[in-house]
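Only one structure is covered here, and it is reproduced in the block below.
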Protein chains: 2
Amino acid sequence: MSEPKAKFAPLYREPAYLKVYRAIEENIIEGGLSDGEALPIEAQLCEQFQVTRSTVREGLRLLEQSGLIVRGSHKKFIVKRPNASDVAAAASRSLALGGVTFSEVWETLAIYYPQAARLAATRLNDESLAALNAVWRALDANAGEDHDKTVACAVEFFQSLAKGLDNRVMLAMLQSLNMMIGESLRQVIGKAPNARTRILNAQKNILDAFSARDEGLAEEWMAKHIADLKRGYVVAKVEMDKSIL
Amino acid sequence: MSEPKAKFAPLYREPAYLKVYRAIEENIIEGGLSDGEALPIEAQLCEQFQVTRSTVREGLRLLEQSGLIVRGSHKKFIVKRPNASDVAAAASRSLALGGVTFSEVWETLAIYYPQAARLAATRLNDESLAALNAVWRALDANAGEDHDKTVACAVEFFQSLAKGLDNRVMLAMLQSLNMMIGESLRQVIGKAPNARTRILNAQKNILDAFSARDEGLAEEWMAKHIADLKRGYVVAKVEMDKSIL
DNA sequence: AATAAACCTATTGTCGGACAATACTATTAT
DNA sequence: ATAATAGTATTGTCCGACAATAGGTTTATT
């Protein structure tokens with residue numbers, strides 16, 4: 001019988017815990033369980049799916065890690081649709097783990113952020129502008145040599161910018177870039193002279209361009225800011241082709 | 001005793017399955033377990049961590065969902081550092097789940113892709129150009145009314161472009177945009193007249209600009225291409241503020 | 001009556017053992 | 001040598017039990 005009469009595709013026999021995961025995921029996507037709603041307790045899930053708690057719990061771990069459920073009060077799980085920040089955090093973490101280099105990050109900043117600044121010049125509302133100003137003043141006030149604070153403020157500037165664009169797709173992408181900026185800035189901030197002052201000036205110029213609603217200027221200063229950040233790496237003698245981790 | 005003498009931060013008592021997850025994750029990051037290497041079997045992990053299989057398995061589910069391990073032969077887990085495509089798939093899925101709209105996606109395309117095209121004009125090597133050409137010819141050959149194929153080809157063009165940029169950060173971002181493009185193109189392709197022809201022409205122009213190494217032209221045609229895609233939505237009367245799902 | 005202390009209870013976290021299902025290996029038969 | 005068979009290691013699932021704990025509820029205290 002080396003010539004079977006008919007060929008069948010192998011049946012997909014996925015483990016029960018995966019089915020549990022998919023079933024709940026599906027339910028969340030379809031809207032049966034809406035944001036903030038509590039999941040049934042484990043015992044009830046066992047009852048409904050007709051599997052044991054061990055199996056249900058493995059499925060819950062999958063949901064947990066995929067960010068679709070989070071712990072509410074008393075350890076109960078509540079449904080949570082992922083937001084841009086969650087996406088960004090997961091993405092930048094994975095990219096970093098994957099070993100992306102300084103130059104890859106920098107290059108992306110260089111082609112993405114100037115355009116984002118251009119958009120920001122027309123789109124940022126007064127509230128966002130005020131927030132950006134506050135961040136800038138915080139950096140200005142932090143005159144000392146507290147490098148961590150400097151990095152935090154510098155990154156926060158980009159974060160506020162990204163938030164003000166009112167676009168979740170961009171927010172996710174820019175935020176994940178921001179996290180990687182922070183990661184790498186931390187490594188050069190101590191070695192680059194006048195880093196804080198240079199950042200302060202650059203962000204001031206960008207801010208002024210935003211306030212004046214001048215797209216061209218915003219793009220230009222942002223481009224210079226990014227270029228200057230890159231110079232920081234060179235001055236600090238950081239190997240640009242090394243992983244950011 | 002309403003005046004405690006000292007205040008202590010609450011102790012972090014995280015469940016054992018989380019510790020298992022973190023321990024293995026740590027080991028992967030630190031390089032103890034390198035890419036492609038097999039994880040010890042569950043029984044050995046129990047032995048090492050001194051917990052039961054249920055606990056170990058919950059930890060494994062976390063690792064599984066985070067994409068750090070995948071199944072090898074005989075269901076054994078092997079370590080896998082996430083690559084750009086994995087990141088992109090997870091990110092676009094989460095963003096879609098989060099309810100991002102057509103206009104958010106389109107706006108991001110509009111400010112990101114023209115610049116990417118500019119970079120591509122100088123960076124794409126002959127191999128990448130050939131690949132792009134092949135994708136274009138596939139779309140050209142698909143003269144019929146097979147909309148799925150048309151969408152697949154159109155998206156594949158963007159995919160090839162992204163791959164040719166030789167930058168994993170950009171690749172991840174562009175790929176996740178591409179997936180969302182595909183998702184939304186599918187919804188308009190049938191309703192927009194001459195969609196295939198318009199895409200074909202636009203991509204031809206972009207391709208020619210790449211071949212000529214003309215950055216300006218590449219950016220210009222890409223911008224037109226994206227604008228044209230947006231017009232497709234208008235013509236197809238798609239509500240731009242609706243979720244892409 | 002308001003507050004604190006003690007108790008109760010529902011739920012999760014972990015354990016240990018058991019067995020079926022299955023994919024890889026070694027052995028035997030042709 | 002090839003094919004069929006049996007054996008083995010490992011995962012998937014089940015069951016039942018109990019400890020730990022976050023909340024809620026009652027009781028005691030001033």
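Side chains are part of it too, since the values below use all heavy atoms of this structure and drop only hydrogens, waters and symmetry mates.
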Nucleotide-resolved protein contact map, nucleotides 8-17 of chain C, B/S/- at heavy-atom distance under 4.0 Å: ---SBBBBB-
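Shown here are the side-chain contact (heavy atoms from CB on, under 4.5 Å) partners of B:K191, two or more places apart in sequence or in another chain: B:A236. Contacts of B:E26 classified as side-chain contact (heavy atoms from CB on, under 4.5 Å), with partners at least two apart in sequence or in another chain: B:E30. B:Y112 meets the ring pair (Phe, Tyr, Trp, His ring centres under 6.0 Å) test with A:Y112; sequence neighbours excluded. For the ring pair (Phe, Tyr, Trp, His ring centres under 6.0 Å) test, residues two or more places apart in sequence or in another chain that qualify with B:Y113 are B:F158.
The overall bend of the helix from C:dA1-D:dT30 to C:dT30-D:dA1, read as the angle between its terminal helix axes built from five base pairs each, is 10° when rounded to 10 degrees.
Within the structure, salt bridge (charged side-chain N to carboxylate O under 4.0 Å, His left out) pairs that include any residue of residues 78-100 of chain A comprise A:K80-A:D86, A:R93-B:E25 (at least two apart or interchain). Evaluation of the salt bridge (charged side-chain N to carboxylate O under 4.0 Å, His left out) test over residues 164-183 of chain A, restricted to residues two or more places apart or in two chains, returns A:R168-B:E104, A:E183-A:R186. The salt bridge (charged side-chain N to carboxylate O under 4.0 Å, His left out) contacts involving residues 63-74 of chain A comprise A:R61-A:E64, A:E64-A:R71, where partners must be two or more places apart or lie in separate chains.
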